[in-house]
Amino acid sequence: MKNPISNDKPRRNFIKKSAMGIGGISIGLPLTSALAADKYTQTKKLGVALVGLGNYATNQLAPALQETAHCYLAGIVTGTKSKEKVWMDKHNIPKKNVYNYDNFEEIANNKDIDIIYVVLPNSMHAEYSIKAAKAGKHVICEKPMAVSVEECEAMIKACKENKVKLSIGYRLHFDPYHKEIIKLSKEGSFGKVTYVSSQFGFTIGDPTQWRLKKALAGGGALMDVGIYCIQAARYAYGEEPIALQAQEFRSGSEKFREVDETVSWQMEFPDGKISNSTTSYAFGTNHLVVTAQKARAVIMPAYSYNGLGGIFNNEKLEFPRINQQALQMDDFAKNVVANTESKISGEEGLKDMKVLEAIYKSLASGGKRVTI
Ligand code: NDP
């Protein structure tokens, strides 16, 4: 199978192309962690244990771990007995690397496991990430990092105290379309970014699922997929929001008794810049528009695992297919070996959580402006 890392070259790199066109400055400034990662010489793959074998672990992360160059699926943690044999057989996992939520702490003694990847319902992220850190294992935790700022801070503290690395499952930082958006903002070849508009929503099915239970999900569409729009606005501007206001819309469906259904919000960035976003569990929407002084990028769909597409000014954007999750996990494995911080660190997750809490605060006040 082709190594996804070597497959990361865009056929059309709009920043490079257009920077040359307007005689702009050089492009492709490497990120700090990427610099260290380039010196990567480790030959042994790090062992990853997935915690919570649901949809994302089964259909995205486990297959991605077959494409990774620097880590592999070494173990599992599951509360469902019947999944154990299925996973052991399918992924060649020895019985000694299989855990449940009761004996999870014993993973501390397992040398095969270097990284624990928490893929549980949101309200369980903090508990299992902290347990993983105390077991001396490096941690990847899915988004949203947790369900409160307080929990995020406790996770960061636990990882620091136990000298392990922490990263959040923000896979889009490894997608070529989103990398171009980050470059657009960092390079400045097209002037400053002046406006960001973004939406992400889908029609939610099964009314009994944990995503609709506040105790497990922490919130609704906003916590689940609205967070992508917060992330995108932050990296498209390369700045932090200073205030926001939010509005909530409800159909009256029983499904959304405990969590938010549709939320719109506007964030204020320095110098009067704004972003405008909507998220929903009631309809499908999936795009990111970034306007700069001399350019406009439209990514649509913007937040999917693959099949992203886009237009930069009048030109179609096309990148070769990559595996976002494989690149994400390999990058973290390199961080662990090189002792560098992940670019999608716990602090990144915490920043988004502060915005999420501010949005819920604005909603609770009937839409008042909240400073962050
Ligand atoms: P699923 O419902 O499909 O799976 C969750 C798994 O967690 C279950 O299968 C179960 O695994 C375990 N679990 C333990 N306790 C409970 C409980 N009380 N209720 C339900 N499940 C429980 O969820 P997803 O895989 O879709 O999502 C998991 C996490 O991953 C979420 O935080 C979500 O936000 C994130 N995610 C991230 C995505 C991304 O693109 N980065 C995409 C999709 C999800 P077991 O039977 O093995 O114990």
Side-chain angles (χ1 to χ4, degrees), residues 49-64 73 75-88 90-91 93 97-104 116-129 131 139-148 151-152 155 167-175 178 200-202 204-232 258-259 279 281 286 301-308 323-329 331-332 344 348-349 352-353 356:
L50 294 175
V51 187
L53 310 180
N55 184 38
Y56 193 56
T58 307
N59 299 319
Q60 303 302 327
L61 297 178
L73 179 56
I76 49 171
V77 182
T78 178
T80 307
K81 194 80 192 148
S82 59
K83 290 181 187 172
E84 291 183 0
K85 187 167 162 25
V86 175
W87 278 70
M88 282 164 61
K90 184 163 184 192
H91 298 287
I93 298 169
N97 292 359
V98 176
Y99 296 86
N100 56 51
Y101 304 119
D102 296 327
N103 66 12
F104 179 76
I116 289 180
Y117 198 146
V118 178
V119 207
L120 293 162
N122 308 341
S123 70
M124 299 171 77
H125 289 182
E127 179 185 350
Y128 283 89
S129 296
K131 281 183 178 167
V139 184
I140 309 178
C141 177
E142 255 318 313
K143 45 59 56 181
M145 181 172 170
V147 294
S148 69
E151 283 187 349
C152 294
M155 290 162 74
S167 182
I168 311 303
Y170 289 132
R171 57 185 164 79
L172 291 170
H173 284 255
F174 304 91
D175 186 278
H178 289 259
F200 194 15
F202 69 98
I204 201 158
D206 178 10
T208 65
Q209 63 185 286
W210 65 262
R211 280 184 166 79
L212 296 167
K213 295 187 169 61
K214 186 152 194 323
L216 282 166
L222 182 62
M223 273 269 174
D224 191 19
V225 288
I227 192 168
Y228 286 94
C229 305
I230 297 170
Q231 263 278 304
E258 294 188 30
V259 298
T279 185
Y281 271 162
N286 184 341
Y303 301 112
S304 313
Y305 304 136
N306 47 55
L308 275 68
N323 186 315
Q324 297 167 352
Q325 292 87 352
L327 292 172
Q328 173 209 325
M329 290 187 278
D331 191 67
F332 188 62
I344 44 174
E348 263 299 300
D352 285 343
M353 192 57 59
L356 285 168

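Every heavy atom of this structure was used, including side-chain atoms; hydrogens, water molecules and symmetry mates were not. Given the structure is predicted, the values throughout are model-derived calculations rather than measurements. First listed ligand is number 1; within each ligand, the first listed atom is number 1.
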Out of curiosity, Trp210 CH2 to Lys213 NZ, how far, rounded to the nearest 0.5 Å?
11.0 Å
Can you tell me if His125 has a non-hydrogen atom under 4.0 Å from ligand 1?
yes
Can you tell me the protein heavy atom closest to atom 2 (O) of ligand 1 and the distance?
Trp210 NE1, 2.7 Å
Measure the acute angle between the ring planes of Tyr303 and Tyr228, then classify it against the limits of 30° and 60° as parallel, tilted or perpendicular.
tilted
Can you pull out the closest protein heavy atom to atom 13 (N) of ligand 1? Residue, atom name and distance to 0.1 Å, please.
Pro121 CD, 3.8 Å
Where does Arg211 meet ligand 1, judged by heavy-atom distances below 4.0 Å: at the side chain, the backbone, both, or neither?
side chain
Any idea which part of Tyr170 is under 4.0 Å from ligand 1, heavy-atom wise: side chain, backbone, both or neither?
neither
Between Gln60 and ligand 1, which part of the residue brings a heavy atom under 4.0 Å of the ligand: side chain, backbone, both or neither?
neither
Those atoms of ligand 1 less than 4.0 Å from some heavy atom in Gly169:
41 (N)
Considering only heavy atoms of Val119, which atoms of ligand 1 have at least one such atom less than 4.0 Å away?
28 (C), 29 (C), 30 (O)
Nearest-neighbour protein heavy atom for atom 47 (O) of ligand 1, which is reported as residue plus atom name and distance
Thr78 OG1, 2.6 Å
What's the shortest distance from atom 40 (O) of ligand 1 to any protein heavy atom, and which residue and atom give it?
Arg171 NE, 2.6 Å
Which residue holds the protein heavy atom closest to atom 39 (C) of ligand 1, what is that atom called, and what is the gap in Å?
Tyr228 OH, 3.1 Å
What's the separation between atom CZ in Phe104 and atom OG1 in Thr78, rounded to the nearest 0.5 Å?
12.5 Å
Below a 4.0 angstrom heavy-atom separation, can you tell me which part of Met124, side chain or backbone, both or neither, approaches ligand 1?
side chain
From CD (Glu142) to OH (Tyr170), nearest 0.5 Å
9.5 Å
When you compare ligand 1 with Leu120, is there at least one nitrogen or oxygen pair between them that comes in under 3.5 angstrom?
yes
